[in-house]
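Heads up: the structure comes next, in structure tokens.
Whatever order the structure lists ligands and atoms in, that order sets their numbers, starting from 1.
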Amino acid sequence: MQGTDPHGLIEAAREAARHTYSPYSRFPVGAALLCGDGTVITGANVENRSFGLTNCAERSALFAAVSQGKRDFRAIAVFCPQSEVPVSPCGACRQALSELCPNDMPVYYAGRDGRAATTTIGELLPQDSLHDLMKGRA
Ligand code: THU
């Protein structure tokens, strides 16, 4: 997982945030997921008037990627253009990402100035004993 250049991925996440549907929070978010074959699959947050149905940008990107046949993930970037500070994935997204991504996969997250903080899936969801038991399953 070392050596992944975050810059291009963060820019892809910035671009993805333009596709947000967030009339309720007015808080756009974009995500960009780097796949093992070099492709980048993006997602934006998609809200709903039944608030609990909101899908975060990270899960939008992850579910789009899996739906397109991707299973090998190398890094994800999250961009929040309205935020002064970097915003890391929410608890639901941490669980969803952990299901399909390696523990040491980098997660980059940036606010409007584009300066990214870096962490990993394993740091976002520690003590996830079930993580490796599921590896290799369809
Ligand atoms: N949101 C994301 O898409 N990703 C995050 O990491 C944080 C929160 C969305 C959900 C909701 O549409 C809006 O941001 C405000 O919480």
Pull out every atom of ligand 1 sitting under 4.0 Å from any heavy atom of P89, numbered as shown with elements. 6 (O)

Region of S22 engaging ligand 1 - heavy atom pairs below 4.0 Å: neither

CZ (F73) and CD1 (I41) are apart, to the nearest 0.5 Å, by 8.0 Å

Residues at least two apart in sequence or cross-chain that pass ring-ring contact (aromatic ring centres under 6.0 Å, His included) with Y24, listed by chain then number, are F51

Residue-level breakdown please: for S88 versus ligand 1, do any non-hydrogen atoms fall below 4.0 Å on the side chain, on the backbone, on both, or on neither? backbone

Looking only at protein heavy atoms, which one is nearest to atom 7 (C) of ligand 1, and how far off is it? V87 CG1, 4.1 Å

Is there side-chain contact between Q82 and R26, with at least one heavy-atom pair below 4.5 Å? no

Tell me if a side-chain donor or acceptor on D72 pairs with a main-chain N or O of C35 at a distance below 3.5 Å. no

re atom 6 (O) of ligand 1, the protein heavy-atom contact at minimum distance is E58 OE2, 2.6 Å

If I take atom CE from residue M105 and atom CD from residue E123, how far apart are they, to the nearest 0.5 angstrom? 12.5 Å

Do protein heavy atoms approach atom 16 (O) of ligand 1 to less than 4.0 Å? no

Between SG on residue C93 and CG on residue L125, distance to nearest 0.5 Å: 12.0 Å

Which residue and non-hydrogen atom of the protein lie closest to atom 9 (C) of ligand 1, and at what distance in Å? N45 ND2, 3.6 Å

Which residue supplies the protein heavy atom nearest to atom 8 (C) of ligand 1, what is that atom called, and how far is it? C56 SG, 4.2 Å

Near S25, which atoms of ligand 1 are under 4.0 Å from a heavy atom of that residue? 13 (C), 15 (C)

L100 versus L62: any side-chain heavy-atom pair under 4.5 Å? yes

Protein heavy atom at shortest distance from atom 11 (C) of ligand 1: E47 OE2, 3.3 Å

Considering only the protein, which heavy-atom contact is closest to atom 3 (O) of ligand 1, and what is its distance? A57 N, 2.9 Å

Under a 4.0 Å N-O cut-off, is there an ion pair linking D128 with R94? no

Within the 4.0 Å heavy-atom shell around V29, which atoms of ligand 1 are there? 1 (N), 2 (C), 3 (O), 4 (N), 9 (C), 14 (O)

